[in-house]
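A short write-up of the structure that comes next.
For the numbers below, each heavy atom of this structure counts, side chains included, while hydrogens, waters and symmetry mates do not.
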Amino acid sequence: MRHGKKVNHLGRKTAHRKAMLANMACSLIEHKRINTTVAKAKALKQFIEPLVTKSKEDTTHNRRIVFSRLRNKYAVTELFRGVAAKVGDRPGGYTRIIKLGNRLGDNADMAMIELVDYNEIYNANKPAKKKTTRRGRSKKADAPATEVSNSEEE
């Protein structure tokens, strides 16, 4: 029984899996989006989200923790400078997985994993909404409705 064993082994030994995830995370930080299989994308999401959370607070301890997982000082620098500045106010969910279909050679499910804040096209479609409270009815919503009904009666 595999109770509480959450990690996807991806058909690899532990050292190979950790090295692969570290390399994929470095590529994701460098290029902001990569194409891979769905299983690897889901494993990478679990691997990189805690590292991005650590990067929001730039301390020597956090840098050492992230470096021990990534093993690439250029990726660590980019993560703590560029990526952390963009995701500073986001409470989580730093990556997005978009399924692309099946690969031609072996019919594997493919996906694109990307850093959410770096996709300007996707974020441009959503206008910035003003925060509203749920207290009472708004007077603006009531006023045009009565004007429209009055003009229809005449």
Taking Ile98 as the starting point, is it possible to reach Met110 by hopping between hydrophobic residues whose side chains are less than 4.5 Å apart?
yes
Can you hop from Ile65 to Leu28 via hydrophobic side chains spaced under 4.5 Å?
no
Are Glu78 and Lys32 ion-paired here, with the side-chain N under 4.0 Å from a carboxylate O?
yes
Taking the basic N atoms (NZ, or NE/NH1/NH2) and the acidic carboxylate oxygens, is any pair closer than 4.0 Å for Arg90 and Asp117?
yes
Where is the tightest heavy-atom contact between [X] and [Y], given as atom of each residue plus distance?
{"X": "Ala75", "Y": "Ile29", "result": "O-CG2, 3.7 Å"}
{"X": "Met24", "Y": "Ile34", "result": "O-CD1, 3.8 Å"}
{"X": "Leu10", "Y": "Ala43", "result": "CD1-CB, 4.0 Å"}
{"X": "Phe47", "Y": "Leu21", "result": "CE2-O, 3.7 Å"}
{"X": "Ile113", "Y": "Ala41", "result": "CD1-O, 3.5 Å"}
{"X": "Val7", "Y": "Arg2", "result": "O-NH2, 3.9 Å"}

Taking side chain as C-beta onward, heavy atoms only, is [X] less than 4.5 Å from [Y]?
{"X": "Lys40", "Y": "Met20", "answer": "yes"}
{"X": "Arg69", "Y": "Lys54", "answer": "no"}
{"X": "Asn119", "Y": "Arg96", "answer": "yes"}

Does a sphere of radius 6.0 Å around [atom1] in [X] hold more than 12 heavy atoms from other residues, nucleotides or ligands, not counting ones at 6.0 Å or beyond?
{"X": "Glu57", "atom1": "CD", "answer": "no"}
{"X": "Lys42", "atom1": "NZ", "answer": "no"}
{"X": "Arg12", "atom1": "CZ", "answer": "yes"}

Distance in Å, Thr14 OG1 paired with His16 NE2, rounded so as to fall on 0.5 Å steps:
11.5 Å
Once rounded to the nearest 0.5 Å, what's the spacing between atom CZ of Phe80 and atom OG1 of Thr59?
6.5 Å
Lys NZ or Arg CZ of Lys86 over Tyr118 ring: under 6.0 Å, within 45°
yes
Between Val76 and Arg63, does a side chain to side chain contact (heavy atoms under 4.5 Å, CB included) hold up when you go through it step by step?
CA-CA 7 Å; Val76 172; Arg63 279 183 179 264; 4.2 Å; yes
Can you name the one residue among Val87, Leu51, Val116, Ile48 that meets side chain to side chain contact (heavy atoms under 4.5 Å, CB included) with Tyr94?
Val87
Apply side chain to side chain contact (heavy atoms under 4.5 Å, CB included) to the pair Lys6 and Gln46, showing each step before the final yes or no.
CA-CA 10 Å; Lys6 191 163 111 176; Gln46 286 183 342; 3.7 Å; yes
Examine the side chains of Thr95 and Glu114 and answer whether a donor and an acceptor come within less than 3.5 Å of each other.
no
Using modelled atom types only, decide if a donor and an acceptor are shared between the side chain of Asn62 and the backbone of Asp58 within a distance under 3.5 Å.
no
